[in-house]
Amino acid sequence: MSKILIAEDEESLRHLLTRQLVRANHEVASVENGEEALLALTREPFDLVLSDMKMPRLDGMGLLREARKREIPVDFIVLTGHGSLEGAVEAFKNGNVVDYLLKPLEDIRILNRIVDKALEARQLKSENARLLKEMTQMALEDGLTGLLNHRGIHSCLEKLLAQGSTQEPLALVMLDMDHFKQLNDLYGHPFGDKVLRQIAQTLCAVAGKKAPLGRCGGDEFMMILPGRDAPQACAAVEAVRARLASEPIETPDGRKIALALCFGIADTSKTGPISARLVAAADVALYQSKRRGGNRVTTYQEHHPLDTTDPLQVLTSCLDTFTQEHSEEMTELAVELAQYLGLDEASCNAVKVAGLLHDIGKIAIPTKILMKPGALTDAEQAIARQHVLYSTQIIHALPDLALILSGVAHHHERWDGSGYPNGLADTEIPLIGRLLAVTDAYSAMVMQRPYHAPLTTKEALKEIVKNAGVQFDPMIAEAFVKMVQQQDSPFLSQHSALLSQQEQSAAEVTQLPRAA
(Lines give C-alpha, C1' and ligand atoms only; values in the text may rest on other atoms or scores of the structure.)
Protein backbone atom coordinates (compact mmCIF):
# COMPACT_ATOMS: atom_id res chain seq x y z
CA MET A 1 0.00 0.00 0.00
CA SER A 2 1.33 3.42 -1.01
CA LYS A 3 0.75 6.79 0.56
CA ILE A 4 -0.61 9.43 -1.84
CA LEU A 5 -1.33 13.16 -1.38
CA ILE A 6 -3.96 14.89 -3.55
CA ALA A 7 -3.72 18.68 -3.98
CA GLU A 8 -6.83 19.87 -5.85
CA ASP A 9 -9.00 22.94 -5.19
CA GLU A 10 -12.09 21.54 -6.98
CA GLU A 11 -13.92 19.68 -4.21
CA SER A 12 -15.88 17.22 -6.37
CA LEU A 13 -12.79 16.13 -8.32
CA ARG A 14 -10.79 15.85 -5.09
CA HIS A 15 -13.42 13.48 -3.64
CA LEU A 16 -13.56 11.46 -6.88
CA LEU A 17 -9.81 10.97 -6.99
CA THR A 18 -9.68 10.08 -3.30
CA ARG A 19 -12.47 7.48 -3.58
CA GLN A 20 -10.85 5.81 -6.61
CA LEU A 21 -7.41 5.54 -4.97
CA VAL A 22 -8.80 4.27 -1.68
CA ARG A 23 -10.62 1.53 -3.61
CA ALA A 24 -7.20 0.56 -5.04
CA ASN A 25 -5.94 0.09 -1.44
CA HIS A 26 -3.84 3.26 -1.26
CA GLU A 27 -3.62 5.49 1.82
CA VAL A 28 -4.79 8.91 0.70
CA ALA A 29 -4.68 12.43 2.15
CA SER A 30 -6.16 15.44 0.35
CA VAL A 31 -5.76 19.22 0.54
CA GLU A 32 -7.25 22.09 -1.46
CA ASN A 33 -4.19 24.29 -2.22
CA GLY A 34 -0.43 24.27 -2.66
CA GLU A 35 0.42 25.75 0.73
CA GLU A 36 -1.47 23.00 2.56
CA ALA A 37 0.21 20.42 0.30
CA LEU A 38 3.67 21.79 1.09
CA LEU A 39 2.90 21.76 4.81
CA ALA A 40 1.72 18.13 4.59
CA LEU A 41 4.88 17.12 2.69
CA THR A 42 7.12 18.65 5.37
CA ARG A 43 5.23 16.85 8.16
CA GLU A 44 5.20 13.29 6.83
CA PRO A 45 6.52 11.27 3.89
CA PHE A 46 4.44 10.51 0.79
CA ASP A 47 5.20 8.25 -2.16
CA LEU A 48 3.29 10.30 -4.72
CA VAL A 49 1.53 13.66 -5.12
CA LEU A 50 -1.36 14.34 -7.51
CA SER A 51 -1.27 18.11 -7.91
CA ASP A 52 -3.46 20.47 -9.88
CA MET A 53 -1.51 23.09 -11.82
CA LYS A 54 -3.94 25.92 -10.99
CA MET A 55 -4.64 26.34 -7.27
CA PRO A 56 -5.09 29.33 -4.94
CA ARG A 57 -2.36 30.61 -2.59
CA LEU A 58 0.36 28.37 -4.14
CA ASP A 59 -0.12 26.88 -7.60
CA GLY A 60 1.20 23.55 -8.87
CA MET A 61 4.36 25.02 -10.37
CA GLY A 62 5.17 26.80 -7.14
CA LEU A 63 4.62 23.59 -5.19
CA LEU A 64 7.00 21.74 -7.50
CA ARG A 65 9.67 24.41 -7.08
CA GLU A 66 9.36 24.44 -3.28
CA ALA A 67 9.48 20.65 -3.06
CA ARG A 68 12.57 20.59 -5.22
CA LYS A 69 14.20 23.43 -3.28
CA ARG A 70 13.62 21.61 0.02
CA GLU A 71 14.76 18.29 -1.50
CA ILE A 72 11.54 16.49 -0.55
CA PRO A 73 11.85 12.94 -1.95
CA VAL A 74 8.46 12.57 -3.65
CA ASP A 75 7.23 12.16 -7.24
CA PHE A 76 4.42 14.19 -8.84
CA ILE A 77 1.58 13.54 -11.28
CA VAL A 78 0.23 16.88 -12.45
CA LEU A 79 -3.44 17.59 -13.25
CA THR A 80 -3.93 20.05 -16.06
CA GLY A 81 -6.58 21.22 -18.50
CA HIS A 82 -6.37 20.80 -22.27
CA GLY A 83 -5.57 24.44 -22.69
CA SER A 84 -2.47 24.44 -20.43
CA LEU A 85 -0.41 21.52 -21.74
CA GLU A 86 2.55 23.87 -22.11
CA GLY A 87 2.48 24.33 -18.35
CA ALA A 88 2.59 20.56 -17.89
CA VAL A 89 5.63 20.32 -20.16
CA GLU A 90 7.32 23.07 -18.15
CA ALA A 91 6.51 21.15 -14.96
CA PHE A 92 8.45 18.15 -16.24
CA LYS A 93 11.54 20.38 -16.39
CA ASN A 94 11.19 21.85 -12.91
CA GLY A 95 10.35 18.98 -10.59
CA ASN A 96 10.05 15.26 -10.03
CA VAL A 97 7.11 14.94 -12.43
CA VAL A 98 6.57 11.41 -13.74
CA ASP A 99 3.27 11.83 -15.62
CA TYR A 100 0.19 14.02 -16.14
CA LEU A 101 -3.63 13.73 -16.28
CA LEU A 102 -5.89 15.86 -18.45
CA LYS A 103 -9.01 17.39 -16.95
CA PRO A 104 -11.82 16.62 -17.17
CA LEU A 105 -11.20 12.91 -16.68
CA GLU A 106 -13.10 10.96 -19.30
CA ASP A 107 -12.41 7.58 -17.69
CA ILE A 108 -11.47 7.43 -13.98
CA ARG A 109 -9.78 4.07 -14.55
CA ILE A 110 -6.97 5.91 -16.32
CA LEU A 111 -5.99 7.20 -12.89
CA ASN A 112 -5.21 3.69 -11.65
CA ARG A 113 -2.98 2.89 -14.60
CA ILE A 114 -1.01 6.12 -14.34
CA VAL A 115 -0.62 5.86 -10.56
CA ASP A 116 0.47 2.20 -10.77
CA LYS A 117 2.99 3.08 -13.46
CA ALA A 118 4.36 5.99 -11.41
CA LEU A 119 4.68 3.87 -8.26
CA GLU A 120 6.38 1.07 -10.18
CA ALA A 121 8.89 3.55 -11.61
CA ARG A 122 9.48 4.95 -8.10
CA GLN A 123 10.10 1.44 -6.75
CA LEU A 124 12.56 0.69 -9.56
CA LYS A 125 14.35 3.98 -8.89
CA SER A 126 14.55 3.16 -5.19
CA GLU A 127 15.86 -0.32 -5.94
CA ASN A 128 18.49 1.08 -8.30
CA ALA A 129 19.59 3.55 -5.64
CA ARG A 130 19.83 0.73 -3.10
CA LEU A 131 21.88 -1.43 -5.47
CA LEU A 132 24.15 1.49 -6.30
CA LYS A 133 24.72 2.11 -2.59
CA GLU A 134 25.48 -1.57 -2.03
CA MET A 135 27.90 -1.64 -4.98
CA THR A 136 29.63 1.49 -3.71
CA GLN A 137 29.88 -0.07 -0.26
CA MET A 138 31.21 -3.32 -1.72
CA ALA A 139 33.86 -1.37 -3.63
CA LEU A 140 35.12 0.09 -0.34
CA GLU A 141 34.42 -2.82 2.03
CA ASP A 142 36.38 -5.97 2.79
CA GLY A 143 34.02 -8.87 2.22
CA LEU A 144 35.61 -11.12 4.85
CA THR A 145 35.75 -8.82 7.88
CA GLY A 146 33.20 -6.11 7.05
CA LEU A 147 35.87 -3.44 7.60
CA LEU A 148 36.94 -0.97 4.96
CA ASN A 149 39.24 -2.43 2.32
CA HIS A 150 42.59 -0.99 1.21
CA ARG A 151 41.00 1.59 -1.06
CA GLY A 152 38.31 2.49 1.45
CA ILE A 153 40.59 3.04 4.45
CA HIS A 154 43.11 5.11 2.49
CA SER A 155 40.30 7.24 1.06
CA CYS A 156 38.90 7.71 4.56
CA LEU A 157 42.31 8.74 5.90
CA GLU A 158 42.77 11.33 3.17
CA LYS A 159 39.32 12.80 3.83
CA LEU A 160 39.88 13.01 7.59
CA LEU A 161 43.24 14.69 7.12
CA ALA A 162 41.75 17.17 4.63
CA GLN A 163 38.80 17.99 6.90
CA GLY A 164 40.65 18.10 10.22
CA SER A 165 42.25 21.07 11.90
CA THR A 166 46.03 21.29 11.75
CA GLN A 167 45.93 21.73 15.54
CA GLU A 168 43.99 18.51 16.15
CA PRO A 169 46.11 15.34 16.31
CA LEU A 170 45.39 12.18 14.39
CA ALA A 171 47.10 8.85 15.03
CA LEU A 172 47.43 5.95 12.62
CA VAL A 173 47.99 2.36 13.75
CA MET A 174 49.22 -0.31 11.33
CA LEU A 175 49.08 -3.88 12.59
CA ASP A 176 49.46 -7.41 11.37
CA MET A 177 49.51 -10.84 12.95
CA ASP A 178 52.64 -12.76 13.84
CA HIS A 179 53.06 -16.13 12.08
CA PHE A 180 49.75 -15.86 10.24
CA LYS A 181 51.03 -17.78 7.23
CA GLN A 182 52.12 -20.69 9.40
CA LEU A 183 48.64 -20.87 10.97
CA ASN A 184 47.08 -20.76 7.52
CA ASP A 185 49.36 -23.52 6.25
CA LEU A 186 48.86 -25.67 9.35
CA TYR A 187 45.09 -25.36 9.84
CA GLY A 188 43.84 -24.20 6.45
CA HIS A 189 42.34 -21.01 5.06
CA PRO A 190 38.93 -21.33 6.78
CA PHE A 191 40.70 -21.13 10.13
CA GLY A 192 42.83 -18.25 8.85
CA ASP A 193 39.63 -16.42 7.89
CA LYS A 194 38.25 -17.08 11.39
CA VAL A 195 41.39 -15.51 12.87
CA LEU A 196 41.06 -12.41 10.70
CA ARG A 197 37.41 -12.00 11.67
CA GLN A 198 38.27 -12.25 15.36
CA ILE A 199 40.95 -9.57 14.99
CA ALA A 200 38.43 -7.35 13.18
CA GLN A 201 35.80 -7.89 15.89
CA THR A 202 38.32 -7.04 18.60
CA LEU A 203 39.33 -3.84 16.83
CA CYS A 204 35.69 -2.82 16.48
CA ALA A 205 34.98 -3.52 20.15
CA VAL A 206 37.96 -1.49 21.35
CA ALA A 207 38.07 1.35 18.82
CA GLY A 208 34.37 2.21 18.75
CA LYS A 209 32.37 3.73 15.92
CA LYS A 210 34.41 6.93 15.62
CA ALA A 211 37.64 5.14 14.69
CA PRO A 212 37.68 4.01 11.02
CA LEU A 213 39.10 0.50 10.60
CA GLY A 214 40.35 -1.24 7.50
CA ARG A 215 41.91 -4.45 6.28
CA CYS A 216 44.67 -3.45 3.89
CA GLY A 217 45.34 -6.96 2.61
CA GLY A 218 46.30 -10.37 3.97
CA ASP A 219 46.63 -10.07 7.73
CA GLU A 220 47.41 -6.35 7.78
CA PHE A 221 44.96 -3.89 9.33
CA MET A 222 44.79 -0.12 9.76
CA MET A 223 43.15 1.84 12.57
CA ILE A 224 42.62 5.61 12.33
CA LEU A 225 42.22 7.49 15.61
CA PRO A 226 41.08 11.10 15.02
CA GLY A 227 41.75 13.45 17.91
CA ARG A 228 44.38 11.17 19.48
CA ASP A 229 48.15 11.39 19.48
CA ALA A 230 50.64 8.50 19.56
CA PRO A 231 50.60 7.97 23.37
CA GLN A 232 46.80 7.84 23.35
CA ALA A 233 46.93 5.43 20.43
CA CYS A 234 49.27 3.24 22.49
CA ALA A 235 46.57 2.96 25.13
CA ALA A 236 44.07 1.78 22.50
CA VAL A 237 46.60 -0.73 21.18
CA GLU A 238 47.24 -2.13 24.65
CA ALA A 239 43.47 -2.59 25.05
CA VAL A 240 43.44 -4.59 21.80
CA ARG A 241 46.34 -6.75 22.98
CA ALA A 242 44.72 -7.36 26.36
CA ARG A 243 41.43 -8.40 24.81
CA LEU A 244 43.11 -10.78 22.35
CA ALA A 245 45.14 -12.30 25.18
CA SER A 246 41.98 -12.85 27.26
CA GLU A 247 40.05 -14.44 24.38
CA PRO A 248 42.24 -17.19 22.89
CA ILE A 249 41.00 -18.75 19.68
CA GLU A 250 40.41 -22.50 19.43
CA THR A 251 42.22 -24.35 16.65
CA PRO A 252 40.67 -27.25 14.70
CA ASP A 253 42.67 -29.72 16.83
CA GLY A 254 41.24 -28.30 20.07
CA ARG A 255 44.17 -26.14 21.16
CA LYS A 256 43.58 -22.61 22.41
CA ILE A 257 46.06 -19.97 21.31
CA ALA A 258 46.28 -16.25 22.02
CA LEU A 259 46.74 -14.14 18.90
CA ALA A 260 49.95 -12.08 18.86
CA LEU A 261 50.24 -8.99 16.66
CA CYS A 262 52.81 -6.37 15.72
CA PHE A 263 51.80 -2.70 15.83
CA GLY A 264 53.27 0.44 14.32
CA ILE A 265 52.02 3.85 15.43
CA ALA A 266 52.56 7.31 13.96
CA ASP A 267 50.76 10.62 14.40
CA THR A 268 50.52 13.91 12.56
CA SER A 269 52.81 15.69 15.02
CA LYS A 270 55.71 13.84 13.38
CA THR A 271 54.55 13.69 9.77
CA GLY A 272 52.10 16.54 9.27
CA PRO A 273 48.61 16.02 7.79
CA ILE A 274 49.89 14.20 4.69
CA SER A 275 48.47 10.72 4.09
CA ALA A 276 51.54 9.24 2.34
CA ARG A 277 53.90 10.47 5.08
CA LEU A 278 51.69 9.16 7.88
CA VAL A 279 51.26 5.73 6.29
CA ALA A 280 54.98 5.45 5.53
CA ALA A 281 55.91 6.37 9.10
CA ALA A 282 53.44 3.89 10.62
CA ASP A 283 54.75 1.23 8.23
CA VAL A 284 58.30 1.89 9.36
CA ALA A 285 57.25 1.50 13.00
CA LEU A 286 55.34 -1.72 12.19
CA TYR A 287 58.29 -3.40 10.54
CA GLN A 288 60.58 -2.29 13.33
CA SER A 289 58.21 -4.21 15.61
CA LYS A 290 58.58 -7.24 13.35
CA ARG A 291 62.36 -6.98 13.37
CA ARG A 292 62.34 -6.88 17.16
CA GLY A 293 60.83 -10.36 17.20
CA GLY A 294 57.10 -9.79 16.90
CA ASN A 295 54.33 -9.20 19.46
CA ARG A 296 55.57 -5.63 19.83
CA VAL A 297 54.32 -2.06 19.72
CA THR A 298 56.58 0.56 18.16
CA THR A 299 55.91 4.27 17.90
CA TYR A 300 57.54 6.11 15.04
CA GLN A 301 60.33 8.37 16.23
CA GLU A 302 62.66 10.63 14.26
CA HIS A 303 65.92 9.34 15.69
CA HIS A 304 67.83 10.37 12.58
CA PRO A 305 67.44 12.95 9.81
CA LEU A 306 64.72 11.46 7.65
CA ASP A 307 62.70 13.16 4.96
CA THR A 308 59.20 11.84 5.62
CA THR A 309 58.01 13.53 2.44
CA ASP A 310 59.89 10.77 0.60
CA PRO A 311 58.38 7.32 1.31
CA LEU A 312 61.37 5.67 -0.37
CA GLN A 313 63.79 7.20 2.13
CA VAL A 314 61.49 6.31 5.01
CA LEU A 315 61.34 2.66 3.97
CA THR A 316 64.93 2.10 2.86
CA SER A 317 66.19 3.66 6.09
CA CYS A 318 64.99 0.48 7.83
CA LEU A 319 67.29 -1.81 5.84
CA ASP A 320 70.52 -3.17 7.26
CA THR A 321 73.71 -1.55 5.95
CA PHE A 322 74.59 -4.29 3.46
CA THR A 323 71.11 -4.54 1.98
CA GLN A 324 70.77 -0.76 1.74
CA GLU A 325 74.14 -0.40 -0.01
CA HIS A 326 73.29 -3.24 -2.38
CA SER A 327 69.88 -1.69 -3.18
CA GLU A 328 71.38 1.73 -3.90
CA GLU A 329 74.24 0.43 -6.06
CA MET A 330 72.02 -2.06 -7.90
CA THR A 331 69.48 0.71 -8.58
CA GLU A 332 72.11 2.98 -10.07
CA LEU A 333 73.22 0.18 -12.35
CA ALA A 334 69.62 -0.81 -13.22
CA VAL A 335 68.71 2.75 -14.24
CA GLU A 336 71.79 2.90 -16.46
CA LEU A 337 70.76 -0.38 -18.09
CA ALA A 338 67.17 0.86 -18.57
CA GLN A 339 68.51 3.97 -20.30
CA TYR A 340 70.95 1.85 -22.34
CA LEU A 341 67.98 -0.26 -23.52
CA GLY A 342 66.11 2.90 -24.55
CA LEU A 343 63.22 2.61 -22.07
CA ASP A 344 61.03 5.68 -21.68
CA GLU A 345 61.26 8.06 -18.73
CA ALA A 346 58.28 6.55 -16.89
CA SER A 347 59.83 3.07 -17.10
CA CYS A 348 63.22 4.35 -15.96
CA ASN A 349 61.57 6.01 -12.95
CA ALA A 350 59.74 2.75 -12.16
CA VAL A 351 63.08 0.89 -12.38
CA LYS A 352 64.60 3.34 -9.90
CA VAL A 353 61.81 2.94 -7.33
CA ALA A 354 61.62 -0.84 -7.79
CA GLY A 355 65.38 -1.13 -7.39
CA LEU A 356 65.41 0.81 -4.13
CA LEU A 357 62.52 -1.24 -2.73
CA HIS A 358 63.18 -4.68 -4.24
CA ASP A 359 64.64 -6.05 -0.99
CA ILE A 360 62.60 -3.98 1.49
CA GLY A 361 60.94 -7.18 2.72
CA LYS A 362 64.26 -8.28 4.21
CA ILE A 363 63.50 -6.11 7.21
CA ALA A 364 61.17 -8.95 8.22
CA ILE A 365 63.80 -11.68 7.77
CA PRO A 366 65.89 -12.61 10.85
CA THR A 367 69.39 -11.14 10.73
CA LYS A 368 70.94 -14.50 11.60
CA ILE A 369 69.60 -15.82 8.28
CA LEU A 370 70.51 -12.76 6.21
CA MET A 371 74.08 -12.69 7.54
CA LYS A 372 74.71 -16.42 7.92
CA PRO A 373 78.31 -17.14 6.80
CA GLY A 374 77.58 -20.61 5.43
CA ALA A 375 74.93 -22.09 3.14
CA LEU A 376 71.31 -21.78 4.22
CA THR A 377 69.31 -24.87 5.12
CA ASP A 378 66.14 -25.62 3.14
CA ALA A 379 64.04 -24.17 5.96
CA GLU A 380 66.18 -21.02 6.13
CA GLN A 381 66.04 -20.70 2.35
CA ALA A 382 62.24 -20.84 2.48
CA ILE A 383 62.19 -18.07 5.10
CA ALA A 384 64.63 -15.93 3.11
CA ARG A 385 62.53 -16.25 -0.03
CA GLN A 386 59.58 -14.78 1.83
CA HIS A 387 61.21 -11.35 1.52
CA VAL A 388 59.63 -10.97 -1.92
CA LEU A 389 56.15 -11.41 -0.46
CA TYR A 390 56.95 -9.07 2.42
CA SER A 391 58.27 -6.47 -0.04
CA THR A 392 55.05 -6.46 -2.06
CA GLN A 393 52.96 -6.26 1.12
CA ILE A 394 54.91 -3.25 2.38
CA ILE A 395 54.55 -1.47 -0.94
CA HIS A 396 50.84 -2.27 -1.12
CA ALA A 397 50.36 -0.28 2.08
CA LEU A 398 51.43 2.85 0.24
CA PRO A 399 49.25 4.57 -2.36
CA ASP A 400 50.34 5.18 -5.97
CA LEU A 401 53.21 2.67 -6.04
CA ALA A 402 51.54 -0.11 -8.03
CA LEU A 403 53.65 0.56 -11.15
CA ILE A 404 56.84 -0.70 -9.54
CA LEU A 405 55.36 -3.98 -8.24
CA SER A 406 56.29 -5.84 -11.43
CA GLY A 407 59.95 -5.38 -10.56
CA VAL A 408 59.74 -5.92 -6.82
CA ALA A 409 57.54 -9.01 -7.07
CA HIS A 410 59.38 -10.74 -9.92
CA HIS A 411 63.12 -9.99 -9.73
CA HIS A 412 63.75 -13.56 -8.49
CA GLU A 413 61.87 -15.23 -11.34
CA ARG A 414 64.09 -17.11 -13.82
CA TRP A 415 63.93 -17.23 -17.60
CA ASP A 416 63.59 -21.05 -17.49
CA GLY A 417 60.66 -20.89 -15.07
CA SER A 418 62.46 -22.28 -12.01
CA GLY A 419 62.47 -19.03 -10.00
CA TYR A 420 60.13 -17.70 -7.33
CA PRO A 421 57.60 -16.70 -6.11
CA ASN A 422 55.37 -17.58 -9.10
CA GLY A 423 57.57 -19.73 -11.33
CA LEU A 424 57.04 -17.45 -14.34
CA ALA A 425 59.10 -18.12 -17.49
CA ASP A 426 60.60 -16.02 -20.35
CA THR A 427 58.34 -13.13 -21.35
CA GLU A 428 55.71 -14.03 -18.75
CA ILE A 429 58.10 -12.24 -16.38
CA PRO A 430 57.47 -8.46 -16.50
CA LEU A 431 60.22 -6.50 -18.25
CA ILE A 432 61.29 -4.60 -15.13
CA GLY A 433 61.54 -7.90 -13.22
CA ARG A 434 63.79 -9.36 -15.95
CA LEU A 435 65.98 -6.26 -15.94
CA LEU A 436 66.37 -6.18 -12.16
CA ALA A 437 67.19 -9.90 -12.11
CA VAL A 438 70.40 -9.22 -14.07
CA THR A 439 71.57 -6.14 -12.15
CA ASP A 440 70.59 -7.66 -8.78
CA ALA A 441 72.68 -10.77 -9.46
CA TYR A 442 75.64 -8.76 -10.75
CA SER A 443 75.62 -6.36 -7.79
CA ALA A 444 75.42 -9.26 -5.33
CA MET A 445 78.39 -10.96 -7.00
CA VAL A 446 80.72 -7.94 -7.05
CA MET A 447 79.95 -6.57 -3.57
CA GLN A 448 81.86 -7.52 -0.44
CA ARG A 449 79.55 -9.51 1.85
CA PRO A 450 80.06 -11.17 5.24
CA TYR A 451 79.38 -14.55 3.63
CA HIS A 452 81.41 -14.29 0.41
CA ALA A 453 84.31 -12.45 -1.20
CA PRO A 454 83.51 -10.26 -4.22
CA LEU A 455 84.02 -11.50 -7.76
CA THR A 456 85.92 -9.45 -10.29
CA THR A 457 83.99 -7.73 -13.05
CA LYS A 458 85.26 -10.33 -15.53
CA GLU A 459 84.20 -13.22 -13.30
CA ALA A 460 80.75 -11.73 -12.67
CA LEU A 461 80.15 -11.07 -16.38
CA LYS A 462 81.17 -14.64 -17.14
CA GLU A 463 78.41 -15.82 -14.77
CA ILE A 464 75.88 -13.52 -16.46
CA VAL A 465 76.79 -14.93 -19.89
CA LYS A 466 76.73 -18.50 -18.57
CA ASN A 467 73.20 -18.06 -17.20
CA ALA A 468 71.73 -16.12 -20.15
CA GLY A 469 68.70 -18.02 -21.39
CA VAL A 470 68.59 -20.01 -18.14
CA GLN A 471 68.34 -17.51 -15.29
CA PHE A 472 68.32 -14.28 -17.30
CA ASP A 473 66.56 -12.86 -20.33
CA PRO A 474 69.23 -13.46 -23.03
CA MET A 475 68.62 -10.13 -24.76
CA ILE A 476 68.89 -8.13 -21.52
CA ALA A 477 71.93 -10.15 -20.40
CA GLU A 478 73.69 -9.45 -23.69
CA ALA A 479 72.91 -5.74 -23.48
CA PHE A 480 74.13 -5.62 -19.89
CA VAL A 481 77.44 -7.27 -20.75
CA LYS A 482 77.99 -4.84 -23.64
CA MET A 483 77.19 -1.88 -21.40
CA VAL A 484 79.62 -3.04 -18.72
CA GLN A 485 82.37 -3.72 -21.23
CA GLN A 486 82.08 -0.15 -22.51
CA GLN A 487 83.19 0.96 -19.02
CA ASP A 488 81.34 4.27 -19.24
CA SER A 489 79.21 3.71 -16.16
CA PRO A 490 79.96 5.83 -13.06
CA PHE A 491 78.98 2.88 -10.87
CA LEU A 492 81.29 0.50 -12.78
CA SER A 493 84.15 2.97 -12.69
CA GLN A 494 83.83 3.26 -8.91
CA HIS A 495 83.63 -0.51 -8.57
CA SER A 496 86.67 -1.09 -10.78
CA ALA A 497 88.76 1.37 -8.74
CA LEU A 498 87.64 -0.24 -5.45
CA LEU A 499 88.35 -3.74 -6.77
CA SER A 500 91.83 -2.71 -7.91
CA GLN A 501 92.58 -1.41 -4.40
CA GLN A 502 91.33 -4.69 -2.89
CA GLU A 503 93.42 -6.79 -5.27
CA GLN A 504 96.50 -4.67 -4.56
CA SER A 505 96.00 -4.98 -0.80
CA ALA A 506 95.58 -8.74 -1.14
CA ALA A 507 98.82 -8.98 -3.13
CA GLU A 508 100.70 -7.01 -0.47
CA VAL A 509 99.43 -9.30 2.26
CA THR A 510 100.61 -12.43 0.43
CA GLN A 511 104.13 -10.95 0.19
CA LEU A 512 104.49 -10.43 3.96
CA PRO A 513 106.73 -12.96 5.80
CA ARG A 514 104.85 -15.46 7.91
CA ALA A 515 105.24 -15.29 11.66
CA ALA A 516 107.42 -17.93 13.17
Side-chain angles (χ1 to χ4, degrees), residues 150 153-154 157-158 161 169-178 214 216-225 228-234 236-237 261-328 331 353-367 370 386-401 404-405 408:
H150 181 275
I153 193 68
H154 277 281
L157 177 61
E158 290 175 1
L161 290 172
L170 182 144
L172 179 67
V173 181
M174 302 284 291
L175 59 142
D176 68 13
M177 184 183 163
D178 297 336
C216 302
D219 61 326
E220 187 170 276
F221 295 80
M222 184 186 290
M223 178 165 55
I224 304 172
L225 299 172
R228 303 195 209 181
D229 57 17
Q232 292 170 323
C234 283
V237 165
L261 282 76
C262 278
F263 298 83
I265 302 172
D267 65 27
T268 50
S269 69
K270 291 290 192 296
T271 67
I274 307 297
S275 174
R277 298 185 195 175
L278 190 60
V279 172
D283 238 349
V284 167
L286 172 62
Y287 281 91
Q288 286 175 343
S289 289
K290 296 179 76 70
R291 290 198 80 184
R292 292 164 61 199
N295 195 22
R296 305 278 178 160
V297 180
T298 303
T299 300
Y300 175 75
Q301 300 291 340
E302 295 175 303
H303 293 309
H304 50 79
L306 185 63
D307 182 8
T308 55
T309 64
D310 183 359
L312 298 183
Q313 186 182 350
V314 172
L315 290 172
T316 56
S317 67
C318 297
L319 292 168
D320 62 88
T321 302
F322 291 102
T323 304
Q324 188 170 7
E325 289 178 357
H326 161 67
S327 296
E328 291 172 353
T331 298
V353 179
L356 290 172
L357 295 177
H358 79 289
D359 275 346
I360 190 66
K362 287 186 176 179
I363 63 178
I365 305 299
T367 304
L370 290 178
Q386 288 296 309
H387 82 274
V388 176
L389 176 62
Y390 294 145
S391 295
T392 58
Q393 289 176 339
I394 294 171
I395 292 171
H396 266 305
L398 296 174
D400 304 324
L401 287 178
I404 56 88
L405 281 175
V408 174

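For the atom pair CG of Leu175 and CD of Glu220, the computed distance is 8.0 Å after rounding to the nearest 0.5 Å. How far CE of Met222 is from NE2 of His150: 6.5 Å, rounded to the nearest 0.5 Å. Rounding to the nearest 0.5 Å gives a distance of 7.0 Å between CG of Leu261 and CG of Asp176. In this structure, OG1 in Thr298 is found 8.0 Å from CG in Leu286, a value given to the nearest 0.5 Å. Distance check: Asn295 CG to Asp178 CG gives 6.0 Å after rounding to the nearest 0.5 Å. Leu225 CG to Ile265 CD1: the interatomic distance, rounded to the nearest 0.5 Å, is 8.5 Å.
What you find for Met223 and Val237 is that their closest heavy atoms are CE-CG2, 4.5 Å. What you find for Asp219 and Met177 is that their closest heavy atoms are OD2-O, 3.0 Å. The nearest pair of heavy atoms linking Thr268 to Pro169 is OG1-CA, 3.7 Å.
With hydrogens and angles disregarded, no donor-acceptor distance shorter than 3.5 Å links the side chain of Ser289 to the backbone of Cys262. Looking at Arg228, its side chain never comes within 3.5 Å of a backbone N or O of Ala171 through a donor-acceptor pair.
Contact of the Leu170 side chain with the Leu157 side chain is registered, since non-hydrogen atoms from C-beta on lie closer than 4.5 Å. You'll find the side chain of Ser269 stays beyond 4.5 Å of the side chain of Asp229, heavy atoms only.
Annotation: salt bridge (charged side-chain N to carboxylate O under 4.0 Å, His left out) contacts of Asp267 (sequence neighbours excluded): none. Qualifying side-chain contact (heavy atoms from CB on, under 4.5 Å) partners for Ala266, counting only residues two or more places apart in sequence or in other chains: Leu278, Ala281, Ala282, Tyr300. For Leu389, the side-chain contact (heavy atoms from CB on, under 4.5 Å) test picks out Gln386, Thr392, Gln393, with sequence neighbours left out.
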